[in-house]
Amino acid sequence: MNALTPSTRAALEEMLQNTARSVPSEYVPIFLAIPSGNQAGQTVGHLHLDFFTFLKQSLTTSPIAGVHIEPHRVLLDGSRPALLSQTMRALADRMRQRGFIPGWRNEEFAFIDAQGHALFQVERAAFRTFGFKSMASHINGFTEHGQIWLGRRSENKQIDPGKLDNLSAGGISADETPWVCASRELWEEAGVPKAIASEIQPAGRIEMRRPTPPLGFHAESLFVYDLVLPSNLLPTNRDGEVAGFIAVSYAEAAARILADEFTADAALVTADFILRRSII
């Protein structure tokens, strides 16, 4: 049964209306200055005051070229992406040594500006510490019989261990497209062959922004895809990041969202899917 009660529908709709929260006052902007051209520069991230205080002290005794601490913001010198990436790697390493960037992955994300240009690359675990906007692909896997497949994250995951997630989801690495990421994650996390993964249907994008403990700020563009799974395909994890899978009705998935069983990102993606496909 995939009909939603009016109260459940209203709760899901309200959730999706509040995906991008305002930046709290205890975060200071990270501003990228453009040395020449017609651009005036832009805010690229947000740093908690505790991190800001540490950087202010650290950079006074050991400066990093291209990074300046002003009274109410961090100022980065704009330069070629390769040089700016070097600056950001040095800054991230400084924060890592102090213990402010847990879960280091040795994998880089790219920061993409509003015009679609990659301004720099840096370790993916640093994105939440600095409040840089990242990108991720999320895939809603469902059956023709009205069930949606959900993955349960491994207890060993650094973020949201044991929480429910989409069939597959993952951050988009530097130099990777959303579609390529979706196909890769479908195989790694759910064992979906490329022939089936190629049938994913783009279903929109969700912008989400929220503070995350301890002191980080999570900003991300979620690229959403839908995929019908054959009845004889049982998702099987291959990379150790998913403990198992369950197939539930849309109504049950909605109930689990409202019971806070999902990761924040997957809750939004699943709520969007349910509202698009459930019976009014």
Side-chain angles (χ1 to χ4, degrees), residues 11-34 39-64 66-78 84 87-104 109-115 119-120 122-136 158-160 163 171 205-222 257 260 262-269 271:
L12 296 183
E13 289 173 344
E14 181 179 3
M15 176 187 301
L16 289 170
Q17 290 170 0
N18 295 282
T19 61
R21 303 180 189 175
S22 300
V23 180
S25 59
E26 62 268 26
Y27 291 81
V28 298
I30 302 175
F31 189 82
L32 176 64
I34 306 298
Q39 300 183 60
Q42 62 182 293
T43 296
V44 296
H46 292 88
L47 192 69
H48 192 275
L49 280 172
D50 287 1
F51 296 155
F52 181 73
T53 299
F54 162 73
L55 277 185
K56 183 177 182 179
Q57 297 170 344
S58 177
L59 293 174
T60 298
T61 58
S62 182
I64 294 175
V67 183
H68 312 279
I69 298 295
E70 296 187 337
H72 302 292
R73 69 177 182 178
V74 178
L75 179 64
L76 304 175
D77 290 340
L84 185 56
T87 297
M88 293 314 306
R89 289 167 187 144
L91 190 58
D93 189 61
R94 180 76 56 87
M95 297 289 281
R96 177 193 187 187
Q97 291 179 28
R98 184 61 175 80
F100 289 145
I101 304 181
W104 195 274
F109 281 174
F111 178 87
I112 309 297
D113 70 8
Q115 287 73 44
L119 299 185
F120 58 83
V122 71
E123 160 67 31
R124 65 177 291 176
F127 267 64
R128 291 196 184 202
T129 300
F130 292 110
F132 299 145
K133 180 191 276 191
S134 55
M135 302 184 298
Q158 179 74 29
I159 298 174
D160 295 327
K163 288 274 193 175
R205 188 175 71 183
I206 297 173
E207 299 294 332
M208 74 98 61
R209 191 172 66 233
R210 63 188 176 90
T212 54
L215 310 182
F217 194 82
H218 181 39
E220 193 159 57
S221 293
L222 310 177
I257 290 172
D260 196 29
F262 280 74
T263 70
D265 294 4
L268 298 175
V269 172

Would you check if [X] and [Y] make a side-chain contact, meaning some heavy-atom pair closer than 4.5 Å?
{"X": "L76", "Y": "V67", "answer": "yes"}
{"X": "F120", "Y": "F132", "answer": "yes"}
{"X": "T43", "Y": "I30", "answer": "no"}
{"X": "L55", "Y": "L91", "answer": "yes"}
{"X": "F130", "Y": "M95", "answer": "yes"}
{"X": "F262", "Y": "D160", "answer": "no"}
{"X": "F127", "Y": "V122", "answer": "yes"}
{"X": "F54", "Y": "R94", "answer": "yes"}

Working to the nearest 0.5 angstrom, can you tell me the gap between [X] [atom1] and [Y] [atom2]?
{"X": "N18", "Y": "L16", "atom1": "CG", "atom2": "CG", "answer": "9.0 Å"}
{"X": "L59", "Y": "I64", "atom1": "CG", "atom2": "CD1", "answer": "5.5 Å"}
{"X": "I159", "Y": "R128", "atom1": "CD1", "atom2": "CZ", "answer": "4.0 Å"}
{"X": "F52", "Y": "L215", "atom1": "CZ", "atom2": "CG", "answer": "14.5 Å"}
{"X": "M208", "Y": "D265", "atom1": "CE", "atom2": "CG", "answer": "4.0 Å"}

Exercise. Do any N or O atoms from the side chain of S62 and from the backbone of S58 form a donor-acceptor pair under 3.5 angstrom?
Worked result: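 No, the answer is negative, given that no donor and acceptor are paired below the 3.5 Å cut-off.
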
Exercise. Side chain of T129, backbone of F100: donor and acceptor closer than 3.5 Å?
Worked result: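 Yes, T129 side chain to F100 backbone: donor-acceptor pair under 3.5 Å.
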
Exercise. side-chain contact (heavy atoms from CB on, under 4.5 Å) between K163 and D260: does it pass, once the steps are laid out?
Worked result: CA-CA 9 Å; K163 288 274 193 175; D260 196 29; 3.7 Å; yes

Looking only at non-hydrogen atoms, find the nearest pair between [X] and [Y] and report the distance.
{"X": "A92", "Y": "A126", "result": "CB-CB, 4.0 Å"}
{"X": "G78", "Y": "L32", "result": "CA-CD1, 3.5 Å"}
{"X": "A271", "Y": "L12", "result": "CB-CD2, 4.0 Å"}
{"X": "H72", "Y": "V28", "result": "O-CB, 3.8 Å"}

Exercise. So V74 and I69, side-chain contact (heavy atoms from CB on, under 4.5 Å) or not? Walk me through it.
Worked result: CA-CA 5 Å; V74 178; I69 298 295; 3.9 Å; yes

For this session: With W104 as reference, evaluate R124, E123, Q158 under the side chain to side chain contact (heavy atoms under 4.5 Å, CB included) test and give the passing residue.
Result: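 The side chain to side chain contact (heavy atoms under 4.5 Å, CB included) with W104 is passed solely by E123 among R124, E123, Q158.
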
For this session: Mind jotting down which residue pairs meet the salt bridge (Lys or Arg N to Asp or Glu O under 4.0 Å) criterion with at least one end in residues 207-221? Sequence neighbours excluded, please.
Result: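 Listed by first then second residue: K133-E207, R205-E207.
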
Problem set entry | For R96, all residues meeting salt bridge (Lys or Arg N to Asp or Glu O under 4.0 Å), sequence neighbours excluded |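 So R96 forms no salt bridge (Lys or Arg N to Asp or Glu O under 4.0 Å) with any residue.
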
For this session: For P24, check side-chain contact (heavy atoms from CB on, under 4.5 Å) against everything at least two apart and list the hits.
Result: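 Only E26, Y27, P211, F217 meet the side-chain contact (heavy atoms from CB on, under 4.5 Å) criterion with P24.
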
